[in-house]
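Each chain gets a letter, A, B and so on, in the order its sequence line appears, and its residues count up from 1.
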Amino acid sequence: MRHWLVKTEPDAFSLDDLRRESPALWDGVRNYQARNFLREMQLGDVVLIQHSSCKVPAVVGLAVVSELALPDPTASDPEHKGFDPRQVADIDADKPPRWVAPRLSYLRPLRTTLPIARLKARPELADSHLVRRARLSVMPLSESEAACIASMAGDTLLP
DNA sequence: GCCAACGTTGGC
DNA sequence: GCCAACGTTGGC
């Protein structure tokens with residue numbers, strides 16, 4: 001079982017929104033590295049939800065992968081902001097879909113929410129994607145990184 | 001295939 | 001709202 005971290009803007013879709021709408025399609029990702037990570041997600045993997053672009057950016061809660069990544073329907077919808085005609089071309093050509101979305105099911109809030117500033121201060125996380133890769137919205141956590149976050153949050157990070 | 005211009009993300 | 005750190009686009 002792997003651990004992942006995903007970012008979401010709470011004004012658009014918060015942890016509470018996920019709780020109300022669980023399970024939810026995690027759509028709208030339009031970055032190739034993030035897309036590759038979405039493809040790697042396995043059923044039962046635990047996903048840390050991080051609020052971004054808000055007053056206190058922080059890891060706030062947990063979800064679990066409840067359906068493997070499927071073609072992101074918002075990418076084939078011309079009415080949608082995330083529309084990408086190449087998605088339609090890929091599907092028509094029987095190629096793997098360019099953009100995908102897994103389904104995530106709400107788990108719980110973290111016992112202690114963890115502001116990004118606190119995470120960035122930890123030497124154990126200095127080499128993590130979170131610290132090293134600006135703007136990446138989907139990333140894996142190593143076991144040791146997950147263990148560090150678990151201990152900071154007073155949470156097992158288990159489903 | 002290089003790279004300058006441009007657009008976006010997201011912490012601060 | 002600023003701006004650094006990116007990723008993408010398109011002319012050449």
Side-chain angles (χ1 to χ4, degrees), chain A residues 2-21 24-41 45-63 65 69-93 95-104 106-107 109-142 144-146 148-153 155 157:
Chain A
R2 297 180 76 184
H3 289 92
W4 303 90
L5 183 145
V6 301
K7 299 178 183 176
T8 185
E9 299 188 8
D11 288 347
F13 194 80
S14 67
L15 181 67
D16 272 345
D17 291 325
L18 177 61
R19 176 173 52 77
R20 283 187 289 265
E21 298 178 31
L25 202 56
W26 205 260
D27 58 18
V29 172
R30 297 291 183 272
N31 168 280
Y32 291 106
Q33 189 178 8
R35 183 277 314 271
N36 292 341
F37 288 141
L38 291 179
R39 283 179 175 162
E40 292 180 28
M41 287 185 174
D45 283 356
V46 168
V47 180
L48 285 73
I49 306 291
Q50 185 214 313
H51 283 170
S52 65
S53 294
C54 54
K55 200 152 63 181
V56 183
V59 178
V60 294
L62 300 177
V65 177
L70 53 121
D72 182 342
T74 68
S76 354
D77 176 5
E79 302 300 308
H80 199 280
K81 177 175 169 290
F83 175 62
D84 185 343
R86 297 171 301 180
Q87 175 89 340
V88 183
D90 288 345
I91 293 170
D92 287 348
K95 289 200 279 186
R98 185 168 305 247
W99 305 119
V100 298
R103 212 175 292 276
L104 302 185
Y106 176 84
L107 227 43
L110 281 186
R111 284 192 58 207
T112 314
T113 67
L114 297 173
I116 294 307
R118 281 193 62 204
L119 298 179
K120 288 193 167 175
R122 299 285 293 212
E124 300 96 316
L125 301 178
D127 288 331
S128 66
H129 288 287
L130 187 65
V131 174
R132 293 233 146 161
R133 287 293 330 272
R135 298 172 36 185
L136 186 61
S137 63
V138 179
M139 65 195 81
L141 299 169
S142 72
S144 64
E145 291 160 4
C148 172
I149 293 174
S151 108
M152 291 175 76
D155 192 295
L157 304 188

Nucleotide nearest [X] when distance is taken to its side chain, options [options]:
| X | options | result |
| --- | --- | --- |
| A/Arg86 | C/dT9, C/dA5, B/dG11 | C/dT9 |
| A/Ala134 | B/dG11, C/dG7, C/dA5 | C/dA5 |
| A/Ala117 | C/dT8, B/dC12, B/dG10 | B/dC12 |
| A/Gln50 | B/dG10, C/dT8, B/dG11 | B/dG11 |

Let me know the distance between [atom1] of [X] and [atom2] of [N], rounded to the nearest Å.
| X | N | atom1 | atom2 | result |
| --- | --- | --- | --- | --- |
| A/Leu136 | C/dT8 | CG | P | 11 Å |
| A/Gln33 | C/dT8 | CD | C1' | 15 Å |
| A/Lys120 | C/dA5 | NZ | C1' | 11 Å |
| A/Arg98 | C/dG7 | CZ | P | 17 Å |
| A/Arg133 | C/dG7 | CZ | C1' | 9 Å |
| A/Asp11 | B/dG10 | CG | P | 14 Å |
| A/Ile116 | B/dC12 | CD1 | P | 8 Å |

- Do A/Trp99 and A/Phe83 have ring centres separated by under 6.0 Å?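 Aromatic pair excluded; centres sit 6.0 Å or further apart.
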* Between A/His51 and A/Phe13, is the gap from one ring center to the other below 6.0 Å? ->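 Centroid distance A/His51-A/Phe13: not below 6.0 Å, so no.
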One thing to verify: whether A/Arg98 and A/Asp90 come together as a salt bridge, which I'm taking to mean a side-chain N less than 4.0 angstrom from a carboxylate O.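 Yes.
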### Message
Heavy atoms only, 4.0 Å cut-off, all strands: where does A/Ser52 land among base, sugar-phosphate and nothing?
### Response
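Sugar-phosphate only.
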- Message: Pairing donors with acceptors under 3.5 angstrom, does anything connect the side chains of A/Thr74 and A/Arg30?
- Response: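 Their side chains do contain a donor-acceptor pair, which is all the 3.5 Å distance test asks for.
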